[in-house]
Amino acid sequence: TETYALKIDSLEASSEGFNSPLVFKLMGSYLDNPLEAAGTLGDSPTLFRPDKPWPLKLSLKSKKTSATLEGSIRDVMGAKGISLTVKANSPSISEIGRLAGVDDLPDVGPVKIDLRVSDSRSDAYKISDIIVALADSDLAGSGEIDLGSARPKFEAELSSKNLDMRPLIKEVPRESESEKPPKKQKKGSSKIFPDDPLSVDSLNIADARIKFQGKRILLFAFALQDISLDLVLEKGRLVVDPIKSSIGGGNMVGRLEVQPQDDGVAMAATAKIENIDTSVVPKEVGISEIIDGKIKLVDIDVSSSGRSVADLMARLSGKTTIVMDESKLNNKFIDQAGRYLGGDLFRLLNPVKNKGTYTAGNCLVCRLNMEEGIAKVDPLLYDTETMSVVAAGDINLREEELDIAFRPAPKKGKANYSMSLGKLAEPFKLGGTLSEPSLQIDSRGARNTFAKAAGATILLGPVGLVAVLFVGKTAEENP
């Protein structure tokens, strides 16, 4: 049982008479945070009359956070006839969190909340005229809370013009920091997927039905536009279906299901995204600074279960397909990724002397088939102006190990190569772990990996597979 301490240093109250309002002022602290409260309450006779509204006006202040409550209650003793307006302001949700005893909320703000509360029936309350402003984000709508059932129920219809989720997830890196290569884990460090038990207790607190319409949601890798979703939470089972959105001029349809289990949680997700143009994704997201092009298809269908993120990844099954048309990949990103992998990605993708700012790609196809934590790259094909690269292998999500082979094929007739065509055709092997990857020239290891990836023939055909992967012929055309 948690204890919340309210300390009263002083309390002043006055009234002109029994039939007059009560005016009060309180000074004290709550959870060691300074607290000021003041207000006017209705007269005493009306307090006990169920046929007459009892007015009240309250104000609270702690540090730079303030709130007001104003309205009336017709039947105070029966908690009926409630009509209240609530307003709150704070410089940051982190300050609101500290006032409530929560210390790990992000420092995002300012926050402004306006809403109305009224009772609709016994133990049920309407929350209407909701207006929430959080920094550059907004949320509006109405809902109802039913406290009369064995499980509380919440229903709402919400909308937003702009929701920037990035600061709520983690601090957005500054531009200067984003140009630095990704940090590797230290030698001997733990795996990157946390093994901490997942908490799903919040799914069993109440049932909920929420309809949401949004104009724009900003995430780290992309921006969703014209979003609509239906969320149902019943007896701990969460289903978001459908999830519809526009993204980069294309369309997305998806579904998410989360079901608590005795040993953790079961999850399933599908998403189909078509015809994304990264050049029209809002600049705030930053993806156009990495790659500029048209993604024809992203098709995801995965499921898993477990007690932690590590468990979920170790049991992940399903498939993912990515198909991309012409693109321009920022060479800064290629350089950063190469340094992280410990190999020369330019030799694979753009092995010319004068590289310019971008590496132009003709097409990209990548398919992952996952079964119980083993993701098979089956295969990956990337064609640039100067190179055609085929990759195949495994990503062991259980042990977080990599075993992927890359077979480059330089195109004849292209000038300004940094080395001979024979050298450029030498295969690479990506090994190591997710936290310590290693990209190196390894002909024997690459051949062994390719030999296990028989599924690549589905896209290339057996003749193309032998010609491109094993013979090492130069590539002339877009695969």
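Just so it is clear, the model here is predicted, and its values are computed rather than measured. Positions are given from 1, in the same order as the sequence printed here.
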Side-chain ([X]) to main-chain ([Y]) donor-acceptor, under 3.5 angstrom:
X	Y	answer
S90	I93	no
S317	E372	yes
D325	I295	no
D394	N396	no
N33	L31	yes
D335	N331	no
S160	D138	yes
E401	G431	no
R216	D164	no
T384	L349	yes

Measuring from L297:CG to I276:CD1, what's the distance to the nearest 0.5 Å? 9.0 Å

Inter-residue atom distance K63.NZ - R98.CZ, 0.5 Å rounding: 5.5 Å

Evaluation steps, salt bridge (charged side-chain N to carboxylate O under 4.0 Å, His left out), between D403 and K429: CA-CA 7 Å; D403 182 15; K429 176 74 176 292; 3.1 Å; yes

Say whether [X] and [Y], considering side chains only, have a donor N or O and an acceptor N or O under 3.5 Å apart.
X	Y	value
S388	D383	yes
T270	D301	no
Q213	S228	no

Presence of salt bridge, [Y] and [X], under 4.0 angstrom:
X	Y	value
E234	R151	no
K272	D299	no
D146	K153	no
K215	D226	yes

Restricting to side chain to side chain donor-acceptor pair (under 3.5 Å), what partner residues turn up for [X], sequence neighbours left out?
X	value
S245	none
S303	none
T321	none

With side-chain contact (heavy atoms from CB on, under 4.5 Å) as the test, would you mind laying out the steps for L329 and Y358 before giving the verdict? CA-CA 5 Å; L329 188 60; Y358 293 92; 5.9 Å; no

Counting C-beta onward and ignoring hydrogens, is there a side-chain heavy-atom pair between V390 and F406 closer than 4.5 Å? no

Check whether any side-chain heavy atom of T320 sits under 4.5 Å from a side-chain heavy atom of M370, and report yes or no. yes

Test applied, salt bridge (charged side-chain N to carboxylate O under 4.0 Å, His left out); reference residue, R307; option that passes from D262, D263, D195: D195

